[in-house]
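Just below is one structure, and these are the notes that go with it.
Just so it is clear, the values below take in all heavy atoms, side chains as well, and ignore hydrogens, waters and symmetry mates. Order of the sequence lines sets the chain letters (A, B, ...), proteins ahead of strands, with each chain counted from 1.
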There are 2 protein chains.
Amino acid sequence: MVLNALKEHIKKNIEISSEDLETICSYFKLKSIKKKDFLLTQGNIYKYEGFVIDGCFRIFTIDKKGNENTLYFAAKDWWLMDIDSFMNQKPSNLNIQALEDSQVLLINRTDKLTLYQTLPVVEKLFRIMSQKALVAWQRRLIRNQCETAKQRYLYFSKTYPNIASKLTDKQIASYLGITHEFLSKIKKQQ
Amino acid sequence: MVLNALKEHIKKNIEISSEDLETICSYFKLKSIKKKDFLLTQGNIYKYEGFVIDGCFRIFTIDKKGNENTLYFAAKDWWLMDIDSFMNQKPSNLNIQALEDSQVLLINRTDKLTLYQTLPVVEKLFRIMSQKALVAWQRRLIRNQCETAKQRYLYFSKTYPNIASKLTDKQIASYLGITHEFLSKIKKQQ
DNA sequence: GAAAATTGTTGAACAAGTTCAACTGTTGTA
DNA sequence: TACAACAGTTGAACTTGTTCAACAATTTTC
């Protein structure tokens with residue numbers, strides 16, 4: 001059953017009773033998203049938080065010069081969030097696009113706030129997940145500052161082979177913060 | 001009184017009763033740290049989480065090549081954390097050094113875990129603070145990817161003038177991810 | 001207050017990464 | 001199946017940032 005992936009994911013992060021687990025999961029609804037479709041586009045308020053059941057997404061921004069900048073990719077068991085837009089009801093700077101036909105479990109803002117209020121364990125769950133994510137973002141920033149594009153490319157394709165294999169070089173380049181021409185030259189070198 | 005800064009900070013993030021606020025604050029102890037002294041050095045387990053009352057700190061790592069890479073600076077009202085080391089009792093990759101004579105409120109791991117267990121509002125507080133920090137780290141990464149060193153320098157000195165004024169150019173360069181020679185050239189340009 | 005250590009500046013040669021343009025190879029799609 | 005759209009490759013000229021070395025200015029320390 002589709003909710004099992006979410007349940008397993010939650011249990012990896014916290015200890016939780018099965019009643020609480022059921023309650024949490026009952027608020028999530030499954031949605032299918034076709035390849036190239038958007039779950040969120042820049043300028044709109046993000047009304048959901050999503051957990052990827054199957055498929056792959058790219059989360060990116062487009063800057064003033066028109067360059068696409070990929071924040072991260074989300075495959076199975078990753079979250080699709082824009083905390084700032086979702087919590088503060090602000091227009092988002094992000095685009096969330098399916099790279100292949102995908103399935104996500106979505107929860108809306110009202111239900112999420114209800115969960116926070118009624119189940120303290122949900123606060124704990126998202127506190128722990130946020131802190132883990134924070135550590136990961138700090139490490140990525142440091143890597144960006146002290147490694148060359150080639151080292152970052154090798155790290156990415158080694159660390160996330162399943163995701164990397166689904167991506168075009170253009171998408172990988174926008175994640176690494178380099179042009180796709182330069183990525184092409186890097187790959188030729190080795 | 002010294003705890004007032006912490007109380008005000010907490011109240012900016014969540015709604016909280018004054019009893020709970022008192023309870024939380026009662027676990028923090030004031031510590032003075034002399035200029036150039038370390039609150040944490042790379043390889044050790046970080047036993048505290050700190051809230052800066054006065055002074056300024058630099059949080060940085062040293063990579064294999066011996067280059068210092070500054071993660072962030074923490075002045076009044078900022079937190080001094082290494083979540084990964086503190087929560088998982090792992091040796092830290094970070095150094096936390098006072099840039100001037102400073103004062104911090106510290107809480108140890110046992111007390112922090114007690115707070116999490118006894119006061120649900122503490123989970124919420126750190127969930128919210130972590131999520132805000134996460135958003136900030138994502139934005140910084142995007143800025144690093146699409147702006148030049150000069151733009152990043154101007155952004156930093158405009159956004160954090162109080163912190164920037166306390167720092168040497170070498171420290172600022174290590175935060176921006178450039179050499180201090182290049183920062184010197186950037187400053188000459190304008 | 002002098003010596004030592006650190007920080008900041010400058011230049012020249014170099015390396016990393018971009019831009020633009022032209023071309024090739026793939027993947028949709030009518 | 002053909003054609004359009006997009007992804008990938010390559011080269012030349014360019015910009016951004018690094019490295020190293022020498023020197024000047026400032027701060028620390030005894």
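The distance between atom CG of A/L99 and atom P of C/dT27, rounded to the nearest whole Å, is 16 Å. Atom CD of A/Q171 is separated from atom C1' of C/dT27 by 14 Å (rounded to the nearest Å). Between the NZ atom of A/K188 and the C1' atom of C/dT24 there is a distance of 14 Å, given to the nearest Å. Between the NZ atom of A/K150 and the P atom of C/dA15 there is a distance of 15 Å, given to the nearest Å. The interatomic distance linking B/Q189 (CD) with C/dT9 (C1') rounds to 14 Å, in whole Å. Atom CD1 of A/I186 and atom C1' of D/dT9 are 14 Å apart (whole Å). Look at OH on B/Y153: it is 15 Å from P on D/dG17, rounded to the nearest Å. D/dT10 atom P lies 12 Å from atom CG of A/D169, rounded to whole Å.
Heavy-atom minimum distance, A/N44 versus A/T41: ND2-OG1, 2.7 Å.
Evaluation of the side chain to side chain donor-acceptor pair (under 3.5 Å) rule for A/N13 yields A/K132 as partners, not counting sequence neighbours. Scanning for salt bridge (Lys or Arg N to Asp or Glu O under 4.0 Å) contacts around B/D54 gives an empty result, with sequence neighbours left out. In this view, A/D63 satisfies the side chain to side chain donor-acceptor pair (under 3.5 Å) rule with no residue, not counting sequence neighbours. The salt bridge (Lys or Arg N to Asp or Glu O under 4.0 Å) search around B/K11 returns B/E8, not counting sequence neighbours. Shown here are the salt bridge (Lys or Arg N to Asp or Glu O under 4.0 Å) partners of B/E123, two or more places apart in sequence or in another chain: A/R127. The side chain to side chain donor-acceptor pair (under 3.5 Å) search around A/K90 returns A/D84, not counting sequence neighbours.
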All N/O pairs under 3.5 Å across the protein-nucleotides 26-30 of chain D interface:
from   : atom 1 : to    : atom 2 : distance (Å)
D/dT28 : OP1    : B/K35 : NZ     : 3.1

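For the pair B/E68 and B/R58, the salt-bridge criterion is met [side-chain N within less than 4.0 Å of a carboxylate O].
In this structure, the nucleotide among D/dT19, D/dA12, D/dA7 sitting nearest to the side chain of A/K185 is D/dA12. Listed candidates were C/dG8, D/dA12, C/dG17. Nearest to the side chain of A/R152 is C/dG17.
The hydrophobic cluster around B/Y155 extends to none of the other residues, as no ILVMFWY side-chain heavy atom falls under 4.5 Å of it. Think of A/I62 as one node in a network of Ile, Leu, Val, Met, Phe, Trp and Tyr side chains linked at under 4.5 Å; its network also takes in A/F38, A/F60.
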Which pairs of donor and acceptor atoms, one on a side chain in residues 97-110 of chain B, lie under 3.5 Å apart (sequence neighbours left out)?
from   : atom 1 : to     : atom 2 : distance (Å)
B/Q97  : NE2    : B/K36  : O      : 2.9
B/E100 : OE2    : B/K166 : NZ     : 3.2
B/D101 : OD1    : B/K35  : N      : 2.8
B/S102 : OG     : B/C56  : N      : 3.2
B/S102 : OG     : B/E100 : O      : 2.7
B/N108 : OD1    : B/T110 : N      : 3.2
B/N108 : OD1    : B/D111 : N      : 2.8
B/R109 : NE     : B/F86  : O      : 2.8
B/R109 : NH2    : B/M87  : O      : 2.9

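For the helix from C/dG1-D/dC30 to C/dA30-D/dT1, the axis fitted to the five pairs at one end and the axis fitted to the five pairs at the other end meet at an angle of 50° (nearest 10 degrees).
A heavy-atom distance below 4.0 Å to DNA chain C is reached by these residues of residues 173-182 of chain A, ordered by number: A/G177, A/I178, A/T179, A/E181, A/F182.
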